[in-house]
Amino acid sequence: QQFIQQLVNNWIPMFHGKYFNHPRACEFLNKRLQINQDNLAQKQAAGTHPQWQAMLTAKIAAIQAIIAEIKKFNRTNECL
């Protein structure tokens, strides 16, 4: 719950500004998604940092939701 609140209050507004103003938003989103997924996989494999794992899982879900919305409204394959 704490992580979701931090995401809503801090990370999502900051992240939105970064991708919204990026000249290649889909490329940015896909790269951030991959970085977060890799980071989560490393922490899960090592069995470390459960709080970070929770935060990364929430960030991944948020990025995936943004990509899904872009695909839904643009009807392009831009954000595969």
*Asks:* Where does the angle between the aromatic ring planes of F15 and Y19 fall among parallel (under 30°), tilted (30 to 60°) and perpendicular (over 60°)?
*Replies:* tilted
*Asks:* Flag yes if M14 and L29 sit in one hydrophobic cluster, no otherwise; membership is Ile, Leu, Val, Met, Phe, Trp, Tyr, and two members link when side-chain heavy atoms are under 4.5 Å apart.
*Replies:* yes
*Asks:* For a quick test of reading the model, state the closest non-hydrogen atom pair linking A62 to W11 and the distance between them.
*Replies:*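 Distance-wise, the nearest heavy atoms are CB-CZ3, 3.7 Å.
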*Asks:* As an exercise, state the distance from CD1 of I63 to CD1 of I12, rounded to the nearest 0.5 Å.
*Replies:* 10.0 Å
*Asks:* Can you see which heavy atom on H22 is nearest to which on R24, and at what distance?
*Replies:* ND1-N, 2.9 Å
*Asks:* Could you give the distance from CD1 (I66) to CZ (F28), rounded to the nearest 0.5 Å?
*Replies:*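 Answer for the CD1-CZ pair, I66 versus F28, is 9.0 Å.
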*Asks:* Could you grab the distance from atom NZ of K72 to atom CD1 of I67, nearest 0.5 Å is fine?
*Replies:*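 Result: 15.0 Å between the selected atoms.
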*Asks:* Got a second to check how far H49's NE2 is from Q51's CD, nearest 0.5 Å?
*Replies:*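 Taking NE2 in H49 and CD in Q51, the distance rounds to 10.5 Å.
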*Asks:* What donor-acceptor contacts under 3.5 angstrom involve side-chain atoms of residues 36-47, with partners at least two apart or in another chain?
*Replies:*
residue : atom : partner : partner atom : Å
N36     : ND2  : R32     : O            : 2.8
D38     : OD1  : Q34     : NE2          : 2.7
N39     : OD1  : K43     : NZ           : 3.0

